[in-house]
Amino acid sequence: MLTSPTATPAAPVAPATPDRVLTGDRPTGPLHLGHYFGTLRNRVRLQNEGVDLFLVIPDYQVLTDRDVAEHLGEHVEGLVLDYLAAGVDADRATIFTHSAVPALNQLLLPFLSLVSVAELGRNPTVKDEIAHSRQAAVSGLMYTYPAHQAADILFCKATLVPVGRDQEPHLELTRTIARRFNERYGPVFPEPRTLLSEAPLLLGTDGTKMSKSRANSLVLKATSDETARLIRGAKTDATRLISYDPEHRPEVSNLVLLAALCQDRDPHEVAAEIGTGGAAALKATVTEAVNTYFAPLRARRAEYAQDLGHVRQLLREGNRRANEVAEKTLTEVREAMGTTY
Ligand code: ATP
Ligand code: MG
């Protein structure tokens, strides 16, 4: 016999706990389109939906690179400008540099005790970054990068982390650290979820992952002319008929996807429209689409860049808020570990 659905009293629905989001970008150079479509656009969307957003600028994690470390201040300010231009609202979001948050860094020690050297060594993203770095030797700091990132994420008990695909191994390790900590000392940390966008791995002009440190990036703040020049030089293939086939034609498909993202269209439709126009027509379409889409962002960035004092003030305020949160978490960690004296 069927029971009427109305006969069963509705189970009380617990209000969903709102997510807390943490993510960030190494201050190794200006943000590019990979960041924007890979994670930044999602961050702004979540912020606008009312989610509590933390943006870490992990400045300690670039000390391994001398060229970058010499311009660290400029890179940090540049990131804040990119965030503001993209729509991050510093009154609602907390933008901070992790070197200014001692209690966050202190979490690194118990966290390191929970992972083996072998686990750190087999992280594919660290391996890849080491391969692309200009260092003669791998520093201990580089090795601890994923555990440090776990501290960046867990200090504020983030539940959702919008990132590109390259960060998945790091997130997995963060979850492992959270789980092992909770098992050993009692429940303190949530196990954060990964949020990938529709462009989790945008390629650069050379056909490898677009990266700040690989000179293959279409930079958000670039001028229209610079953008046109970079896109003209992008790697493609010799087939005239343009199609969207990421598996077999990664470079061409990446350009098609870029145009589609900027025009909010289906990539197959964009490819079909270009048809037999070849790489030149594809590049013209992408250039036009990118420059049109990013014109307002670029104009906003130029305005914010007029007042770097304001940028530094935002960072001080973000660091203050991050310290408050980190000290609270560190107190809980100490209590859980029995190290309150
Ligand atoms: P670096 O070369 O210094 O490592 P990067 O360009 O890889 O710089 P990160 O600061 O390492 O940038 O990454 C910041 C965030 O942007 C991460 O969530 C990462 O996954 C995302 N991201 C970076 N590059 C891309 C890309 N090409 N496509 C999609 N997401 C990306
Ligand atoms: Mg990177």
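Starting from 1, each residue takes its place in the sequence as its number.
- Residue pairs satisfying the ring pair (Phe, Tyr, Trp, His ring centres under 6.0 Å) criterion with at least one member in residues 315-341, sequence neighbours excluded, are absent.
- Residue pairs that meet the salt bridge (Lys or Arg N to Asp or Glu O under 4.0 Å) test with at least one member in residues 249-262, sequence neighbours left out, are K235-E251, D237-R249.
- Applying the salt bridge (Lys or Arg N to Asp or Glu O under 4.0 Å) test to R122 and every residue at least two apart in sequence or in another chain returns nothing.
- Residues E226 and K221 are not paired through a salt bridge, judged by the lack of any N-O separation under 4.0 Å between the basic side chain and the carboxylate.
- Between the side chain of H98 and the backbone N or O of I57, no donor-acceptor pair lies under 3.5 Å.
- For the pair L120 and L173, the minimum side-chain heavy-atom distance is below 4.5 Å.
- Partners of E335 according to the salt bridge (Lys or Arg N to Asp or Glu O under 4.0 Å) rule, which considers only residues two or more places apart in sequence or in another chain, do not exist here.
- Around CG of D307, the count of heavy atoms belonging to other residues, nucleotides or ligands within 6.0 Å exceeds 12.
- No side-chain N or O of T176 forms a donor-acceptor pair with one of R180 less than 3.5 Å apart.
- Side-chain atoms of Y36 and D82 form no donor-acceptor pair, as typed in the model, at a separation below 3.5 Å.
- For the 3.5 Å distance criterion, the side chains of N123 and H170 qualify, holding a donor opposite an acceptor.
- Looking at H75, its side chain never comes within 3.5 Å of a backbone N or O of L72 through a donor-acceptor pair.
- Using a cutoff of 4.0 Å between basic side-chain nitrogens and carboxylate oxygens, R320 and E324 are scored as salt-bridged.
- Side chain of K283 to main chain of R232: a donor-acceptor pair is present (N/O by atom type, distance under 3.5 Å, no hydrogens or angles).
- Screening residues 220-251 for ring pair (Phe, Tyr, Trp, His ring centres under 6.0 Å) gives Y244-H268 as the qualifying pairs, with residues at least two apart or on separate chains.
- Side-chain atoms of T205 and N216 form no donor-acceptor pair, as typed in the model, at a separation below 3.5 Å.
- Sequence neighbours left out, the pairs with a member in residues 187-242 that pass ring pair (Phe, Tyr, Trp, His ring centres under 6.0 Å) are F111-F189, F181-F189.
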